[in-house]
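Here is how names work: the chains are called A, B, and so on, in the same order as the sequence lines, proteins then strands, and each is numbered from 1. Here the structure is a predicted model, which is why all the values come from computation and not from measurement.
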There are 2 protein chains.
Amino acid sequence: MRLEIFTLPGNGEISAGDDLAAVLTRAAGDLLADGDILAISSKIVAKAEGALVEAADREQAITEQTVRVVATRTHPGGVIRIVQNRQGLVLAAAGVDSSNVPEGFVLLLPADPDASARRLCAALREATGLRLGVLVTDTAGRAWRTGQTDIAIGAAGLRVLDDLRGTDDHLGQRLGTTVIALGDEIAAAADLVKGKARRQPVAVVRGLGHLVGNEDLDDGDPADDGVRGAARLIRPAAEDMFRLGTAEAYAEGFAAGQASARTETGGR
Amino acid sequence: MRLEIFTLPGNGEISAGDDLAAVLTRAAGDLLADGDILAISSKIVAKAEGALVEAADREQAITEQTVRVVATRTHPGGVIRIVQNRQGLVLAAAGVDSSNVPEGFVLLLPADPDASARRLCAALREATGLRLGVLVTDTAGRAWRTGQTDIAIGAAGLRVLDDLRGTDDHLGQRLGTTVIALGDEIAAAADLVKGKARRQPVAVVRGLGHLVGNEDLDDGDPADDGVRGAARLIRPAAEDMFRLGTAEAYAEGFAAGQASARTETGGR
């Protein structure tokens, strides 16, 4: 089994209203093949969708994009807010981005990255006649590990989870709880060639055609569970053992413990 | 920029005492090139190092591998323990593994995966005359995201972090806090070809030769900060905003809050 990952030739600066699928089709020329997956940085998707906000309103934009505060930390330069944002993603600054953005502006994430992926995938398939998959990717920090990796925040036309629960491993035993986050692994792989400072927002991943199909292409009926595309890669807060930062959970517990003890005392 | 990732031909079952570098050199034949990175599943490294324990002692083994309990959750099949283990890694069941292991046994992680990577890298370079990098990889769950991805738990001969802080992006602005966890991205990319159930424990990643050098090859003086290899990818608990599970931190806070209120009341 062999994988190839390569960048597309530069496609210039993307601006609000640009037809990104047309830009990418031109940039790709005849480089694409059946079964290819395009990993597209959320940044150019958001730019095409006009998700720029004036930099002076950055803190307000973060607040508006926040559904739930997960953790905050004060540092010399200000306050880092790790939040669950409108897209359901747990990200620092709600995913609001100041790098590689025209001066005086910050960039929000695409409002619905799975819908963006569906539109791009449909248009790219239409333009090329090829069975393609599309991931919209972003860069995210992690608990327990230093540094950031790219993850998939939007997906269409490919399988993003590989559920190995119940499949036999080669010794006939059970693989237990393994569910592989293929979408995030593909996003991470693509980032190795895209690079942050080298201005390559699109990578083509070839060799995973077995994952490419009609998943999440249709804007119609959602799957049975109602969760589609890269939203499948989001762990619902209610199932998340790390839904709050340690300090935040401790503070909530402390307040509840104090209240409990006072009630107890008052009741005596 | 182009990346190629491919598996090595099967190398049969690995047993305690096997010379893994010799096995891999034979399997690789003339497939390797200068600058290649080998991503090797921790499982075969641990098997070669004889890290098998009787399955009856699994819970005891997890306890012995645990340095710090991060979170636990009871479910119908038992208790999931997410812990920081002796290697410093935050992993479910401390990384003790029951899949693809001879019946009646469980497998520990290599005792020092960075040291394993150094030994393998040195032996593979010696045998092939090529400048190679080695990652030892394992599969890990994440906060906030469903599914698991492969991460790097051992590294030698390559750069595992790309510190972009202070480098200019193309508009002359600052990229802010971006540090890319290259080692984990390479491990994730390799997992896409290795696959869990397809019994391919080794992938070769070609095209990242600029990351391959003499990093962490020497068993002598560690780097200035004393942290080497894939250990750089571990966020120290003291710097981790998610060093404890939400329920665990809440419970600690609750107890402290109760004690505080009672002291206060008692002091009146």
Only heavy atoms, only distances under 4.5 angstrom. Which residues in residues 238-255 of chain B are near chain A? B/Ala238, B/Glu239, B/Asp240, B/Met241, B/Phe242, B/Arg243, B/Leu244, B/Gly245, B/Thr246, B/Ala249, B/Tyr250, B/Glu252, B/Gly253, B/Phe254
Proximal component of A/Leu208, with respect to chain B [non-hydrogen, under 4.5 Å]: side chain
Below 4.5 Å, heavy atoms only, C-beta onward: do B/Gln258 and A/Gln258 meet side chain to side chain? no
Output for pair (B/Thr178 OG1, A/Gln148 CD), nearest 0.5 Å, gives 5.0 Å
Interface residues of residues 85-97 of chain B facing chain A - non-hydrogen atoms under 4.5 Å apart: B/Leu89, B/Val90
For B/Asp150, is there any backbone N or O sitting under 3.5 Å from a side-chain donor or acceptor partner on A/Glu185? yes
Would you call B/Thr146 and A/Leu161 a side-chain contact if the rule is heavy atoms closer than 4.5 Å? yes
Heavy-atom distance under 4.5 Å between the side chains of B/Ile234 and A/Arg145, does that happen here? yes
Taking C-beta and beyond as the side chain, do B/Met1 and A/Gln200 meet within less than 4.5 Å on heavy atoms? no
Considering only heavy atoms and a distance below 4.5 Å, find which of B/Ala187, B/Ala188, B/Ala189, B/Ala71 pairs most often with chain A. B/Ala188
Answer whether the closest heavy-atom distance between the side chains of B/Ile186 and A/Leu192 falls below 4.5 Å. yes
For B/Ile180 and A/Thr149, run side chain to side chain contact (heavy atoms under 4.5 Å, CB included): C-alpha distance rounded to whole Å, both residues' side-chain angles, the deciding distance at 0.1 Å, then the answer. CA-CA 6 Å; B/Ile180 303 299; A/Thr149 61; over 6 Å; no
Show the nearest heavy-atom pair for residues A/Arg142 and B/Ala181, with the distance to one decimal. NH2-CB, 3.5 Å
Quick one: of B/Ile151, B/Leu182, B/Thr7, B/Val204, who has the most non-hydrogen atom pairs under 4.5 Å with chain A? B/Ile151
